[in-house]
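For reference, the structure discussed in these notes is given below.
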Amino acid sequence: MSDISSAQPDPKLVKFARCDGFMPALRERVDAYFVQTNLAKRDNPQMYVKTAVILTWLVASYAGLVFWATTWPQALALAVSLSFAMSAVGFNIMHDGGHGAYSRFPLINRMMAFTLDLLGGSSHFWKKKHNVIHHSYTNVTGIDDDIEVGPLGRLSPHQRRFGFHRFQHFYLWFLYGFITFKWQFYDDTAGLIIGRVGDMKMPPVKNWDLVFMLVGKFTFLTLTFGLPLYLHDWHQVVLWFFVASFGQGVVMSVVFQLAHCVEPAEFYKPDADSMRIENSWAVHQVITTVDFAQESRLVSWFTGGLNFQIEHHLFPQICHLHYPALAKIVEQTAAEFGVPYHSHPTMRSAVKSHFLWLRRMGRPVAVSA
Ligand SMILES: [Zn+2]
């Protein structure tokens with residue numbers, strides 16, 4: 001089929017259309033908002049309080065599981081709590097730090113991003129994959145790593161379809177749980193040793209980046225296996241590590257998918273000859289992304305504003321606590337410029353939309369987005 005991707009396009013060759021006035025207008029209005037309200041884009045006291053609350057939740061769940069739990073219902077409850085706490089660290093602390101949205105001081109941002117290393121990932125590789133690739137080439141098939149889940153799933157209309165994809169709207173939710181094991185034990189090691197994460201080439205890791213990475217891996221392995229194995233049987237350690245990491249994988253993957261792999265989101269494949277994308281960068285970000293549950297304070301708190309993903313893609317270096325206010329500016333400006341702005345009213349409607357998108361992509365006839 002002609003629309004199926006065969007070769008990986010080189011991201012450096014992809015070109016967006018010229019700036020169309022949408023982003024300058026947005027930037028001006030958002031800057032005016034911060035002047036009028038006298039609020040800081042970063043270093044917000046509420047963010048430091050939120051960080052303390054989430055880290056306390058994380059430490060309490062871990063300590064309860066390792067030092068206190070004696071029955072399996074206790075251990076199960078604490079492992080599930082730990083999986084949500086680890087996800088909250090990733091969504092809120094690490095993600096803002098990795099984007100430089102936490103503080104104006106690079107060292108503080110680096111410390112916050114380093115929380116990913118303590119959870120078994122690599123903030124160094126994440127920055128390269130997420131900040132550069134995902135944030136620039138959102139939903140561009142063959143480049144955006146977030147829509148590549150291997151042959152078991154078909155998330156984009158330009159990806160190859162296999163017969164078993166007809167069931168993917170049922171089984172992919174389960175497979176999402178394994179994504180954490182992949183980055184804990186495979187992706188970062190491959191990035192370090194063979195210089196590749198997935199299809200992306202990675203430059204050699206050097207100096208402080210290497211030190212941070214190795215210290216992070218050592219601390220993760222000590223906290224996950226070293227200390228628990230000193231206190232418990234190995235099969236208990238493996239079981240509860242699996243439950244906590246699997247839960248984290250499902251929670252994180254589902255939240256990511258609700259922003260881009262849902263029915264109203266657009267998917268692109270650059271023109272093979274010109275490598276052009278028909279819209280400007282900012283318009284591309286809006287039409288490939290969908291907000292959800294904007295009115296839910298609980299969802300906004302837990303997901304670190306990832307339910308305001310459109311605002312995050314347009315202003316990734318602004319602390320996520322400001323996204324609800326920015327959403328009103330973005331939605332109004334998008335309407336003025338004729339840019340489609342989509343938001344699912346609730347988390348439930350977004351989950352349903354992801355289910356329907358997976359079912360559509362799994363059907364025999366490819367339907368272009
Ligand atoms: Zn991001």
Side-chain angles (χ1 to χ4, degrees), residues 11 16 23 26-27 30 41-42 44 47 50-51 54 86-103 106 108-117 119 121-140 143-149 155 176 179-180 183 187 197-198 200 248-249 251-262 265 281-294 299-324 326-327 330 342-343 350:
F16 289 100
M23 194 64 203
L26 266 179
R27 219 176 262 127
V30 166
K41 290 180 180 173
R42 292 167 278 279
N44 303 107
M47 192 57 209
K50 188 176 188 183
T51 301
I54 291 171
M86 291 191 293
S87 303
V89 169
F91 295 150
N92 289 271
I93 305 169
M94 172 266 152
H95 192 220
D96 268 30
H99 276 294
Y102 198 102
S103 171
I108 294 182
N109 286 323
R110 182 158 200 166
M111 279 167 55
M112 297 305 161
F114 185 67
T115 52
L116 177 64
D117 296 72
L119 300 182
S122 160
S123 52
H124 175 78
F125 289 137
W126 181 88
K127 273 187 213 170
K128 301 225 176 294
K129 273 174 51 173
H130 182 86
N131 288 11
V132 180
I133 296 296
H134 172 63
H135 270 264
S136 302
Y137 310 104
T138 315
N139 281 11
V140 177
I143 299 181
D144 182 1
D145 195 59
D146 281 23
I147 55 168
E148 302 292 336
V149 291
L155 302 183
Y176 287 157
I179 204 93
T180 20
W183 42 261
D187 283 355
V197 176
M200 263 190 80
Q248 182 194 5
V251 171
M252 293 187 87
S253 299
V254 169
V255 168
F256 296 148
Q257 301 292 34
L258 299 189
H260 301 294
C261 288
V262 282
W281 172 85
V283 171
H284 179 86
Q285 299 305 312
V286 177
I287 62 180
T288 55
T289 309
V290 179
D291 282 6
F292 60 92
Q294 289 184 332
V299 171
S300 300
W301 187 89
F302 175 66
T303 64
L306 291 177
N307 57 329
F308 289 92
Q309 190 91 195
I310 295 174
E311 290 67 30
H312 172 60
H313 270 253
L314 292 169
F315 298 101
Q317 290 183 315
I318 293 179
C319 175
H320 74 261
L321 296 175
H322 299 298
Y323 292 164
L326 299 193
V330 174
H342 295 290
S343 175

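Start at 1 and go down the list; that is how both ligands and their atoms are numbered. In this text, all values refer to a predicted model and were calculated from it rather than measured experimentally. Atom set for the values below is all heavy atoms of this structure, side chains included, hydrogens, waters and symmetry mates excluded.
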Sequence-distant partners of Thr115, side chain to side chain contact (heavy atoms under 4.5 Å, CB included), two or more places apart: Val89, Ile93, Met94
Taking the six-membered ring for Trp, are the ring centroids of His99 and His312 within less than 6.0 Å of each other? yes
For the aromatic rings, using the six-membered ring if either is Trp, is the centroid distance between His313 and Trp281 under 6.0 Å? no
Residues two or more places apart in sequence or in another chain: which of them pass salt bridge (Lys or Arg N to Asp or Glu O under 4.0 Å) with Lys50? none
With sequence neighbours excluded, residues passing salt bridge (Lys or Arg N to Asp or Glu O under 4.0 Å) with Lys128: none
The Zn ion (ligand 1) - number of protein N/O/S atoms closer than 2.8 Å: 5
For Asp144 and His260, test the side chains for any donor-to-acceptor distance below 3.5 angstrom and give the result as yes or no. no
